[in-house]
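Heads up: the structure comes next, in structure tokens.
Bear in mind that the values here come from a model prediction, so they are computed numbers and not experimental data.
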Amino acid sequence: MKYLDEFRDPELARRMFDQIRRITTRPWAIMEVCGGQTHSIIRNGIDQLLPPEIELIHGPGCPVCVTPLEIIDKALAIAARPEVIFCSFGDMLRVPGSRKDLFRVKSEGGDVRVVYSPLDAVKLAQQHPDREVVFFAIGFETTAPANAMAVYQAARLGLKNFSMLVSHVLVPPAISAIMESPSNRVQGFLAAGHVCSVMGTDEYQPLVEKYRVPIVVTGFEPLDVLEGIRRVILQLEQGRAELENAYERAVRPEGNVAAKQMLADVFTVTDRAWRGIGVIPRSGWRLSDRYAAFDAERRFDVSNIQTTESMLCRSGEVLQGRLKPNQCPAFGKECTPRTPLGATMVSSEGACAAYYQYGRFIPTANVGVNG
């Protein structure tokens, strides 16, 4: 299959591991920002086959995982209202709030529905003019254009019963926060290719120059990830810090211009809380004043939500790369996919879910490329 099988070729992967091993002379710590890349790394054992000097740190690039508890609790409160049809993608239904999740709300009589597109929620609003239809809009720059289009379409149709609970976050401010953390160990980044396919690469050059850190835009197949790692290591070994695009088949420097125009029309940049991390200035989007009538937080009174985080869950440390999932005392015991304490065990892009799914129950040393 074009653009898939050729990026999973075992012989090419072996050669790539050999190249990385030859150029690596000292310890380096690289963060893959995206949860999709984390799953590719764990599923294919890439971290275990790299030279032991290379440490991969899993970043906060899972949209479900970084959605703050307060927003989850607001979603639960809105979804429980009898006049509401609450729409969400499936991953969010099992994310624990302070006391329950959306599945529990549904079992208690709430009208909670899984949709496959935000435009499905717009259609529901057209079909049910006597109900309030709310769409739970989370995610990074990848999902935001479709959500912006849904709001634009609802406005064009004149819908008064459609609104959106927005919790969109942006990658570049998160990279800044990581680099400015006193405990930061990251020396290079694999930037998420799908984010850059929307936003382009221009936002990353100032980060490279300010922090003198290599950033390589990277895809998600095994050879994509290995090429990103190879380029980052080569820069670090040569004392360079540059922005490189290793995902040219999908990413153009200017990104998707039409999608960016839609985002600029519907959303505006705002400070945003990240679950387990805290507030990062100018790291998210909210609906612009022009579309404020579609803001579910304004339409429903959910301003006095009191949240309670699990005392056992350490997903915040996992999201900041300070703890590997299998180093958490609750991993695989109190916290499993059936009984998740945090979103990192629930989400299909969560680091804890990856470690559980692929059997990484105890920390292991790298086994070496020929091991």
Checklist entry - Has the side chain of Ser283 got a donor or acceptor atom that lies under 3.5 Å from a matching backbone atom of Arg272? => result yes
Item to check | Check: Arg104 main-chain N/O paired with Ser107 side-chain donor or acceptor under 3.5 Å | outcome: yes
Next on the checklist: A side-chain contact here means heavy atoms from C-beta on lying under 4.5 Å apart; do Arg249 and Phe7 qualify?
Outcome noted: yes
Next on the checklist: Would Asn256 and Lys260 count as a side-chain contact (heavy atoms from CB on, under 4.5 Å) here? Give the steps.
Outcome noted: CA-CA 6 Å; Asn256 185 324; Lys260 289 177 12 180; 5.6 Å; no
Next on the checklist: Under a 3.5 Å distance rule, please check whether Asn184 uses its side chain to pair with a backbone N or O of Ser181 as donor and acceptor.
Outcome noted: no
Checklist entry - Is any side-chain heavy atom of Cys62 closer than 4.5 Å to a side-chain heavy atom of Thr344? => result no
Next on the checklist: Treating Thr67 as the side-chain partner and Pro63 as the backbone partner, does any N or O pair qualify as donor plus acceptor under 3.5 Å?
Outcome noted: yes
Item to check | Flag side-chain contact, heavy atom, 4.5 Å: Leu157 against Val122 | outcome: yes
Checklist entry - Backbone N or O of Ser40 within a donor-acceptor pair of the Asn44 side chain at under 3.5 Å? => result yes
Next on the checklist: If you define the side chain from C-beta out and look only at heavy atoms, does anything of Tyr356 sit under 4.5 Å from Met345?
Outcome noted: yes
Checklist entry - Strictly by modelled atom types, are Asn161 and His128 linked by a side-chain donor-acceptor pair under 3.5 Å? => result no
Checklist entry - Applying the 4.5 Å side-chain criterion to the ILVMFWY set and letting contacts propagate, would Val84 and Leu124 be lumped into a single cluster? => result no
Checklist entry - Are side-chain N/O atoms of Gln235 and Glu244 paired as donor and acceptor at under 3.5 Å? => result yes
Next on the checklist: Donor-acceptor check, side chain of Glu53 to backbone of Thr25, threshold 3.5 angstrom: yes or no?
Outcome noted: no
Checklist entry - Taking the side chain as C-beta and beyond, is there a heavy-atom pair between Ile42 and His58 under 4.5 Å? => result yes
Next on the checklist: Can you confirm if the aromatic rings of Phe89 and Phe135 lie within a centre distance of less than 6.0 Å?
Outcome noted: yes
Checklist entry - Is the closest side-chain heavy-atom distance between Glu254 and Val257 below 4.5 Å? => result yes
Checklist entry - How about Thr218 and Glu32: do any of their side-chain heavy atoms sit closer than 4.5 Å? => result no
Item to check | Proximity of Tyr355 and Phe361 rings by center, below 6.0 Å | outcome: no
Item to check | Ionic contact status for Asp18 with Arg21, cut-off 4.0 Å | outcome: yes
Item to check | Validation row, ring centre Phe140 to ring centre His194 under 6.0 Å | outcome: no
Item to check | Salt-bridge contact Glu297-Arg286 (side-chain N to carboxylate O under 4.0 Å) | outcome: no
Checklist entry - Would a distance-only check, ignoring hydrogens and angles, find a side-chain to backbone donor-acceptor pair under 3.5 Å from Asp101 to Val95? => result no
Next on the checklist: Quick one: does any side-chain atom of Gln187 pair with a main-chain N or O of Pro214 as donor and acceptor, under 3.5 Å?
Outcome noted: no
Item to check | Pairs flagged by salt bridge (charged side-chain N to carboxylate O under 4.0 Å, His left out) wherever residues 299-313 is involved - sequence neighbours left out | outcome: Glu132-Arg299, Arg275-Glu309
Next on the checklist: Looking only at side-chain N and O atoms, does Trp28 offer a donor or acceptor that is under 3.5 Å from a partner on Glu237?
Outcome noted: yes
Checklist entry - Where do Tyr211 and Glu180 land on the side chain to side chain donor-acceptor pair (under 3.5 Å) test, with the steps shown first? => result CA-CA 9 Å; Tyr211 300 110; Glu180 293 179 6; 2.4 Å; yes
Checklist entry - Do Ile71 and Met92 come close enough that some side-chain heavy atom pair is under 4.5 Å? => result no
Checklist entry - If only atom types and distance count, is the side chain of Ser347 paired as donor or acceptor with the main-chain N or O of Asp91 below 3.5 Å? => result no
Item to check | Single-linkage hydrophobic cluster, 4.5 Å side-chain cutoff, Leu56 and Leu234 together | outcome: yes
Next on the checklist: Run the side-chain contact (heavy atoms from CB on, under 4.5 Å) test on Cys87 and Val133 for me, step by step, so that the C-alpha distance in whole Å, both residues' side-chain angles and the decisive distance to 0.1 Å come before the verdict.
Outcome noted: CA-CA 7 Å; Cys87 301; Val133 176; 3.9 Å; yes
Next on the checklist: Can you confirm whether the side chains of Thr307 and Asp73 place a donor and an acceptor under 3.5 Å from each other?
Outcome noted: no
Checklist entry - Does Arg131 come within less than 4.0 Å of Asp111, counting only side-chain N to carboxylate O? => result yes
Checklist entry - Are any of the side-chain nitrogens in Asp9 or Arg14 under 4.0 Å away from the carboxylate oxygens of its partner? => result no
Item to check | Leu93 reachable from Val134 in the ILVMFWY side-chain graph, under 4.5 Å edges | outcome: yes
Checklist outcome for this item: Note: with side-chain heavy atoms under 4.5 Å as the link, the other cluster members for Val318 come out as Leu323
